[in-house]
Amino acid sequence: MTKMEWAQIEEKWRKKWNDEKQFESNPDSRKKFFVTVAYPYPNSPQHIGHGRTYTLADVHARFMRMSGYNVLFPMGFHYTGTPILGMARRVQENDKDLIEAFRTLYKVPDEKIREFSEPVKIADYFHQEIKAGMIEMGYSIDWRREFTTIDPFYNKFIEWQFKKLKENGLVIQGTHPVGWCPKDQNPVSQHDTLGDIEPSFTEYTVIKFKYDNYVLPTATLRPETIFGVTNLWVNPNVNYEIAKVDNEEWIISPECAIKLGFLNKKITKTGNISGSELVGKKVKIPERSDEVYILPATFVESDNGTGVVMSVPAHAPFDYQALDDLKKEASRHPNIPALSEIKPISIIETEGYGDIPAREIIEKLGIKNQDDPKLEEATKEIYSKEFYGGKLKQNTGKFANKVVADAKEAVKKWILDNGNADILYELNENPVRCRCGAECVVKLLDNQWFLNYSNPEWKEKVHSWINEMKILPEEIRNEFNHVVDWLKERACARQHGLGTKLPWDKNWIIESLSDSVIYMAYYTIVKYVNAGEIKPDYISDSFFDYVFLEKGDLQKISSESKIPQETLEKIKKEFQYYYPVNARHSGRDLVPNHLTFFIFNHLAIFPKKYWPEEIVVNGSVLMDGKKMSKSMGNIIPLRDAIKTHGADSIRLAILISAELLQDADFNQEAVRGIKNKLENMLEESTKYKAAKEALLMQEDKWIHSRLQQLIAKATVSIQKMRLREALHHVLYEFDSDIQWYLRRVEAKNRTDQAGILHEVLSARVAMLSPFAPYVSEEMWSRLGNQGLVSMSPWPNPDETKIDLLSVQSEDLLKTTLDDIKNIIKVTKMTPKKITIYTAAAWKAKAYQKILYQVTSGNVNIGTMIKSLIADNETAEIKKDPDFVKKTVNDILSESQESRDSKNKVGAVDEIKALSELESLIKGEYGIGLQVFSETDQAKYDPKNKARTARPYKPAILIE
RNA sequence: GCGGGAGUUGCCAAGCCUGGUCAAAGGCGCAGGGCUUAGGACCCUGUCUUUUAGGAGUUCGUGGGUUCAAAUCCCACCUCCCGCACCA
């Protein structure tokens, strides 16, 4: 089939769906099913990877629709956020790379690119691009409910949401550290930096040591080690600054002074002092009564921390080594008389280490001096060992016996509360440069607004709902609980970007992850705005209170909002009909943020009956086994892929390559295979028209039985969203059944199978249609069925159509045929004649008895033989006791299902069943077949084979 | 570190939840045959070892255990991958 033909099929059915408004959903008497997906951020065209989540959701929607639900599957577009702003700025600055990417990678026409200096134009362009792709993919979306997050009505909705959160005390104000570009005066995130470095940072405790009236601050990750300080370190070659920091005089490195400036300290430089001048002076240790010396060390760097370091030689390898180095050249430091008396103070006890862990590890790693790079490794190891396994010793006062992990926080708080400490943030990677070239810093933002996800009652509520919700796959439930525990206050507003302004403080714009948590409710009513029945200008909070929370006076709200009372009622009813969300689909990357916030906010704003029911999470898509990325150039825009492969093939390729959580691998090979498969099925569909079914023969009953089993299995798989498994059943597993059926029918030269195949294939097409909607419609119509398959009912498994006898008989045929084939293969003979002997009647009896025994748990061969001999019917077992062992093994190697089925069916008339082989053997080898019973006196048995026959395992003679 | 996932026969990859139909689907590769002007495409057959009667042996990261029966359940260990924030 050509690309053209595929495109025509898609076009034809897309038009039909659209003309008949098949996917528009309005409240009616049916049960509803509301399925949503995280809406896209339109800053680039969507690629195959984006297609996965939407395709999964669409399959879900289509399946539920066929199962009789009134399905609502809507879509919006998330304009809120900063990346688009950054892109627009780069276009204004004529950024060649970006413009080139638009032109060649995204194929944006030049005249459009020129408009891209305006952020909204970028969003608008990709919005339309993405939407077109979704339509081409065949997603069954109700487009009357489309919106963007900068629509005036949406702004009102978000304002309402935030006022509600604030009323509930969940929005709070505070300070917040962020990665910051001093030149742009803006927070920076990973894609704002050169080389896409995440501007992550670590919090240090700054402990203030006193020298005269000066403060010598030291930054540390281990405040609890203050009890082990023996001295301070300065770098003698650094020219330190004396600066007024708030109300104290600090001695710090020049770099530190700059950093502190961004942490809202008032800094006034008042002088300088060189490191060497400080050496030999004494400082007072806060919270301790003693004094220690300031000593020189070369490992101290002025751009790290404050440029001053506190020395804990017992537990910090750098400190131990530096002290050791210094002692070796003590003669050069006459101004420090007591150098040799400085001894490490051990304060932490850790299993596997003695008093001075730092010395132990230095010796172990063979470190020679303080400039040895291995000291980093040593520090890491000691830190992690002590942090998780260490305990404070008696010399730490009230912190004695505490484990280090707890003591660290406790000591920090204690020193801070006493005013002897401060906080400093340090970027983990230095330097981080903004795209503008400036070096980034950590800035403490004042008056930042937060959603208080720390609130313990809120957390608790979320936990308990997470444990009640349906979450697929199940593993993710734990992950959610973990995220909830770990989540803290989250900044919810920023100063730049597209979005809704904070209603009580218009300087702030509500951040993108906070304005996208309850918008699913918005889908249920937005169609009235789009139809012009709601005028955003007249809408105030009371409207939302009424519709979503059933609060307020209908008459009053009606006159305020200029919406007739009936319409208002209808809008409210529509919300109440569709809410809650039944299934939310999303990529795995949104678990630690969006999806968790989604639960948090629903619980905060809506009553319990509107809380979301189910979350379905999926993994990402790989391209030929590799991660897709711009730099690798292996991103395939979805619309391009549709043009080359067709929507159905892409949908199947994405779905069939992995189960939910795994990464799906998209590769040409797989798509080609699928396309082939679909084309074969399509061709097959033209062959069999509906016809009155003839009298059912064994193979007909068999294929019907198999169909019922398929329906049952596929239905369960889809219900669990195991779409790969479902597809496997429908596409491949069942295919081998059809192959077998055709082989049987052809061998018999039958001509009356069309009706049966029509029925079977129609059911299969129906089950394929949620996955591959276009080609399924085409197959459905070529099979001669009426209406749209996407609107037809999902096949119902019918147990009564399962004929266990025919299943057993066909199995017998297959295994016997396999055996024959095997013998011929091993013996390499050319068969001229085949004779088959079925087991004697007493063996069948014995088989049933043994089967019964095994089923009830008895596998003891001895007792079995005894009881069989005791029974007249099976007493002949005496002649062949080995039969029991073999039969038990036969039975044991079968599945429970198959044993049950054999139990139910009882003895199969094997002579009759195996006589069906004749036509197959004739077709395969062109030779004759004879079937005898073992007990047939007149049988032909020159090699005395017949006696080896067992039930379900006939003896075979090939000549 | 915390949390999650994975290790299967030459390669990719199913099977594991729910133990037996598992020497283990499917695809690729490879070998032989067909078709074809050769090639490509396509179709058939084979592809752990062994075997001239449908059999046997050894396999599913490693080592134990449970069971009549383990790729599948339990325990321990080794190795690899992903996420840890104010960013969509």
| Roughly how far apart, to the nearest Å, are G5(B) and A56(B) at atom P? | 39 Å
Using the P atom as the point on both nucleotides, what is the distance between U8(B) and G15(B), in whole Å?
14 Å
The nucleotide from C86(B), G4(B), G55(B) with an atom nearest the side chain of R588(A) is G4(B)
Integer angstrom distance from the P of C2(B) to that of C73(B):
24 Å
Separation of A85(B) atom P from D589(A) atom CG, nearest Å, is 15 Å
Winner on side-chain proximity to R490(A), out of C86(B), G54(B), A25(B), is C86(B)
Subject >> Residues, nucleotides or ligands: over 12 heavy atoms within 6.0 Å of E683(A) CD >> reply: no
* To do: Please state the C1' separation for the pair G27(B) and G63(B) - nearest whole angstrom.
  => 34 Å
Residue set satisfying salt bridge (charged side-chain N to carboxylate O under 4.0 Å, His left out) with D811(A), at least two apart, ordered chain then number -> none
With P as the reference atom in both, quote the distance from C16(B) to C74(B) in angstrom, rounded to an integer. 14 Å
Here the distance between atom C1' of A88(B) and atom CE of M87(A), to the nearest Å, is 12 Å
Any chance the rings of Y952(A) and Y847(A) have centres within less than 6.0 Å?
-> yes
Open item on the list: I want to check a possible cation-pi pair here: R584(A) against F598(A), using under 6.0 Å from ring centre and within 45° of the ring axis as the test.
Closed with: yes
Check your understanding: Ring centres of Y41(A) and F77(A) under 6.0 Å apart?
Key -> no
From the candidates G4(B), G83(B), A53(B), the one with an atom nearest any side-chain atom of E479(A) is G4(B)
What's the gap between U59(B) and G65(B) when it is taken at their P atoms, as a whole Å value?
15 Å
Students often get this wrong, so: under 4.0 angstrom with heavy atoms, is P473(A) touching a base, only sugar-phosphate, or nothing? nothing
Picking from C2(B), G83(B), A53(B), the nucleotide nearest the side-chain atoms of H482(A) would be C2(B)
Atom CG of L727(A) and atom C1' of G15(B) are separated, to the nearest Å, by 17 Å
Inset, instruction - Using the P atoms only, state how far C77(B) lies from G20(B), rounded to an integer number of Å. - result: 28 Å
Would the base of U18(B) count as contacting K720(A) through its side chain, where contact means a donor and an acceptor less than 3.5 Å apart?
yes
*asked:* Would you say that more than 12 heavy atoms from the other residues, nucleotides or ligands in this model lie under 6.0 Å from the NZ of K821(A), or not?
replied: no
Nearest-Å distance once atom C1' is located in both A13(B) and G7(B): 13 Å
Picking from G4(B), C86(B), G54(B), the nucleotide nearest the side-chain atoms of E511(A) would be C86(B)
Whole-Å distance, F597(A) CZ to A88(B) P, equals 11 Å
* Determine: side-chain N/O of S514(A) to OP1/OP2 of C86(B), distance under 4.0 Å, yes or no. => no
Describe the nucleic acid contact of I958(A) in one word from base, sugar-phosphate, nothing, applying a heavy-atom distance below 4.0 Å.
-> base
Check: Should the pair F597(A) and Y453(A) be assigned to parallel (<30°), tilted (30 to 60°) or perpendicular (>60°) ring geometry?
Finding: parallel
Regarding the side chain of K943(A), the nearest nucleotide among A53(B), G3(B), A25(B) is A53(B)
L451(A) CG to A85(B) P, in whole Å, measures 18 Å
Judged by nearest nucleotide, the residue sitting upstream toward the 5' end of RNA chain B, R722(A) or T80(A), is R722(A)
What does K821(A) touch in the nucleic acid at a heavy-atom separation under 4.0 angstrom: a base, only the sugar-phosphate, or nothing? nothing
Of the listed A88(B), C86(B), A85(B), the closest approach to the A491(A) side chain comes from C86(B)
Of the listed G83(B), A53(B), A88(B), the closest approach to the I823(A) side chain comes from A53(B)
Testing A53(B), G54(B), G3(B) for proximity to the side chain of L957(A), the answer is A53(B)
Per atom distances to the L513(A) side chain, the nearest of A88(B), A25(B), G3(B) is A88(B)
- Can you find a side chain N or O atom of R724(A) that sits less than 4.0 Å from OP1 or OP2 on G15(B)? yes
Tell me whether the OP1 or OP2 atom of C86(B) has a side-chain N or O from K443(A) closer than 4.0 Å. no
Rounded to whole Å, CG of N43(A) lies from P of A88(B) at a distance of 10 Å
Rounded to whole Å, CG of N593(A) lies from P of C82(B) at a distance of 19 Å
On RNA chain B, more 5' by nearest nucleotide between D818(A) and D811(A) is D811(A)
